[in-house]
Amino acid sequence: MSAETDVLIVGGSVAAIRAAEAISRHAPAVRVTMVSDEPHLPYERPPLSKTALDGTLDLSALTYPSVAGLREHGVEFVTDTRVTSLDVESRTVSTTAGDITYGAAILATGCEPIFPPMFRQLPDVFVLRRFQDAVALRAAVADRRKSVAVIGAGFIGGEFAATLATVGRPVTIVDLATKPLGRFGDPVASEYAALHRDSGVTLVLGDAVTGVEDAEPGRVLRLASGATVPADVILLGIGVRPSTGWMENSGLTLDNGVVCDSTLRAADGVYAAGDVVTWPNGRFGATMRIEHWTNAAEQGRAAGINAANAVTGLAPIDCVTVPYFWSDQHGVRIQFSGFLRGDEEIIECPGPGGSLYLYAGGDTLHGVLAFERRAEFVKIRAMLRRETTVGAARDILSVGA
Ligand SMILES: Cc1cc2nc3c(=O)[nH]c(=O)nc-3n(C[C@H](O)[C@H](O)[C@H](O)COP(=O)(O)OP(=O)(O)OC[C@H]3O[C@@H](n4cnc5c(N)ncnc54)[C@H](O)[C@@H]3O)c2cc1C
């Protein structure tokens, strides 16, 4: 590992790789070192919850195709090495393999799953964030006699439950909320719940897990209502938090992630990208932190250009994005784009093949969510790059708007 570099990237996932790609294109002479605590080269996470159980998770197929070219170009990939602290003044990080000084740094340490203490000492309880998590979880459910419970009806839990249901495995999702994906409004919550129930998933909503008990046979979750749920294997899908613990003495502002300006700058010579970032997004005039792949990729590119510019003396660019995510469950693609304040009017737009919802703030379109309406969704998503009206979005819908 080099003790000195031009741009140091901390993290080894999508934001990190997009940053390295941007630097190699934008400023090929700039030296880049990427340090990740994972034992693997950067790989795609989304397939970890979606790959069919009778298929295989192939790490080499998941590894970003650009890694080989970046290596040839001279990017140094340091794996299995944790960055433990950052000194902004001396532009130095400490790692488990020694110190590195940098010209500019990009912090792309993402998020880590929440793992409440009540589950920590128990066998066969999993989170799903890293490749090894997925390998261990899939090994645990390989025995078809084992019951599976998912705690949390969000995307990770929903996707893994769908993966099980697709091969006919019984699975129960338990969620404290009465409305899954409730932030997208009642009609979306109802449709999401129906999608799972119609596909064979048992959904227990509005009930809290109070304990885990041995039963005959196997193990169960005890719920606040007194009900029990078979749970030989448990997947915790109850959310993530920004991986900022290692930055605590750095002097950076940490508040729901690393607080950055519109150029993703956190301090002199320090940029950040991906799930770990809170920043003012000029497109929506709002400060936000996003936990989705596309945002991490877009921010990685912007932070890469800005870190290279900091080294070469050029001006930074603003990072302006339109948040987007997709999720694949039971053969249905769920997509959202936009930014919701929570007080929008929800307009249901029935149409062929699936459903589509527009989120209106007066005449202004704030967002769009679709269940398997890919072609129309793509068009409305593109319109959201600029402020647009609800009427303009309705005009492109084929039926029923
Ligand atoms: C199973 C799964 C499925 C998903 N599916 C979708 C999907 O369908 N659609 C969608 O939009 N989004 C999806 N996401 C979310 C998406 O993958 C994340 O938004 C994205 O990975 C965020 O990228 P990131 O680079 O910011 O951070 P992360 O992916 O969290 O990566 C952070 C990296 O930093 C490393 N790191 C952390 N701390 C340190 C340290 N101190 N020192 C060194 N290295 C460190 C980590 O090991 C990791 O390599 C999914 C996520 C998961 C886990």
Side-chain angles (χ1 to χ4, degrees), residues 1 8-20 33-51 57 62-64 77-86 93-97 100 105-113 126-135 137-138 150 152 154-160 162-163 235-237 239-248 250 257-258 264 272-279 289-304 321 323-329 332-337:
M1 182 180 84
L8 171 74
I9 303 173
V10 187
S13 183
V14 55
I17 194 78
R18 290 292 181 259
T33 300
M34 186 188 297
V35 182
S36 167
D37 61 0
E38 294 196 65
H40 316 295
L41 291 164
Y43 60 87
E44 289 278 20
R45 297 197 194 288
L48 299 181
S49 47
K50 302 172 182 71
T51 301
L57 276 182
L62 296 181
T63 301
Y64 284 98
F77 289 92
V78 180
T79 53
D80 236 342
T81 301
R82 190 163 177 77
V83 177
T84 50
S85 66
L86 166 70
V93 295
S94 300
T95 84
T96 46
I100 307 175
I106 299 172
L107 315 182
T109 49
C111 280
E112 54 212 46
F126 299 88
V127 291
L128 182 48
R129 184 80 187 174
R130 299 174 172 218
F131 182 76
Q132 289 107 313
D133 297 333
V135 170
L137 175 61
R138 290 163 71 93
V150 173
F155 294 116
I156 299 295
E159 289 187 351
F160 192 69
T163 301
L235 171 62
L236 299 172
V240 294
R241 57 169 70 97
S243 304
T244 53
W246 65 277
M247 306 172 200
E248 236 132 53
S250 64
V258 186
L264 302 179
D275 283 12
V276 77
V277 169
T278 287
W279 98 117
R289 189 174 67 76
I290 307 289
E291 293 173 358
H292 298 300
W293 191 96
T294 305
N295 179 71
E298 291 171 344
Q299 288 196 337
R301 179 180 170 276
T321 73
Y324 164 74
F325 69 73
W326 80 97
S327 179
D328 295 322
Q329 303 188 32
V332 172
R333 173 151 290 192
I334 306 168
Q335 292 167 291
F336 171 81
S337 183

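In listed order, ligands and their atoms are each counted from 1.
- Looking at ligand 1, you won't find any N or O of S327 less than 3.5 Å from one of its N or O atoms.
- Residue V14 comes nearest to A296 through the heavy atom pair CG1-CB, 3.6 Å, listed as atom of the first residue, atom of the second, then distance.
- Ligand 1 lies nowhere less than 4.0 angstrom from a heavy atom belonging to E44.
- When atom types are taken as modelled, the side chain of S243 and the backbone of V276 share no donor-acceptor pair closer than 3.5 angstrom.
- No side-chain donor-acceptor contact under 3.5 Å links R241 to the backbone of E112.
- Assignment of R130 to the shell around ligand 1 is supported, since a heavy atom sits closer than 4.0 Å.
- The protein atom (non-hydrogen) at minimum distance from atom 40 (C) of ligand 1 is R82 NH1, 3.7 Å.
- Geometrically, ligand 1 and V83 share a nitrogen or oxygen pair separated by less than 3.5 Å.
- Using a 4.5 Å heavy-atom threshold, the side chains of F325 and I290 count as separate.
- When hydrogens are left out, the protein atom nearest atom 39 (C) of ligand 1 is T109 CG2, 3.5 Å; that is the closest non-hydrogen contact.
- A 4.5 Å side-chain heavy-atom check between H40 and L62 finds every atom pair outside the cut-off.
- Looking at L86 and L107, their side chains come closer than 4.5 Å, going by heavy atoms from C-beta outward.
- For atom 31 (O) of ligand 1, the nearest non-hydrogen atom of the protein is S13 CB, 3.0 Å.
- Remark: minimum distance from atom 43 (C) of ligand 1 to any protein heavy atom is reached at D37 N, 3.4 Å.
- Set against the non-hydrogen atoms of E159, the atoms of ligand 1 under 4.0 Å away are 8 (O).
- For the residue pair S327 and E159, a side-chain donor N or O sits within less than 3.5 Å of a side-chain acceptor on the partner.
- Counting atoms of ligand 1 from 1 in the listed order, those under 4.0 Å from a heavy atom of E38 are 46 (C), 47 (O), 48 (C), 49 (O).
- Distances from ligand 1 to the non-hydrogen atoms of K50 include at least one value under 4.0 Å.
- When each atom of ligand 1 is checked for a heavy atom of A108 under 4.0 Å away, the hits are 32 (C), 33 (C), 34 (O).
- Considering only residues two or more places apart in sequence or on other chains, D133 meets the side chain to side chain contact (heavy atoms under 4.5 Å, CB included) condition with V127, L128, R129, R130.
- Between the side chain of Q299 and the main chain of G274, a donor-acceptor pair closer than 3.5 Å is present.
- Scanning all protein heavy atoms for the shortest distance to atom 14 (N) of ligand 1 gives P46 CG, 4.5 Å.
- Of the protein's heavy atoms, I156 CD1, 4.2 Å lies nearest to atom 50 (C) of ligand 1.
- The distance criterion of under 3.5 Å between nitrogen or oxygen atoms is met by A15 with respect to ligand 1.
- Assignment of V35 to the shell around ligand 1 is supported, since a heavy atom sits closer than 4.0 Å.
- Residue S49 has at least one heavy-atom neighbour below 4.0 Å for each of these atoms of ligand 1: 1 (C), 2 (C), 3 (C).
- The protein non-hydrogen atom at the shortest distance from atom 27 (O) of ligand 1 is G110 CA, 3.2 Å.
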So H292 and Y324, side-chain contact (heavy atoms from CB on, under 4.5 Å) or not? Walk me through it. CA-CA 7 Å; H292 298 300; Y324 164 74; over 6 Å; no

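- When each atom of ligand 1 is checked for a heavy atom of C111 under 4.0 Å away, the hits are 30 (O).
- Within ligand 1, counting atoms from 1 as listed, the ones closer than 4.0 Å to a heavy atom of G274 are 26 (O).
- Of the candidates W326, W293, F336, F325, it is W326 that places a heavy atom closest to atom 9 (N) of ligand 1.
- Atoms of ligand 1 lying under 4.0 Å from at least one heavy atom of W246, given by number and element, are 41 (N).
- Within 6.0 Å of CZ on R301 lie no more than 12 heavy atoms contributed by other residues, nucleotides or ligands.
- Without hydrogens or angle criteria, S94 side chain to T84 main chain gives no donor-acceptor distance under 3.5 Å.
- In this structure a side-chain-to-backbone donor-acceptor pair under 3.5 Å is missing from S36 to V10.
- Near S36, the atoms of ligand 1 lying under 4.0 angstrom from a non-hydrogen atom of the residue are 43 (C), 44 (N), 49 (O).
- Of all protein heavy atoms, the one lying nearest to atom 20 (C) of ligand 1 is V14 CG1, 3.8 Å.
- The main-chain N or O of T79 is found under 3.5 Å from a side-chain atom of T81 such that the two form a donor-acceptor pair.
- Side chain of Y43 to main chain of F131: a donor-acceptor pair is present (N/O by atom type, distance under 3.5 Å, no hydrogens or angles).
- Using a non-hydrogen distance threshold of 4.0 Å, T81 registers as a contact of ligand 1.
- Between R129 and ligand 1, at least one pair of N/O atoms sits closer than 3.5 Å.
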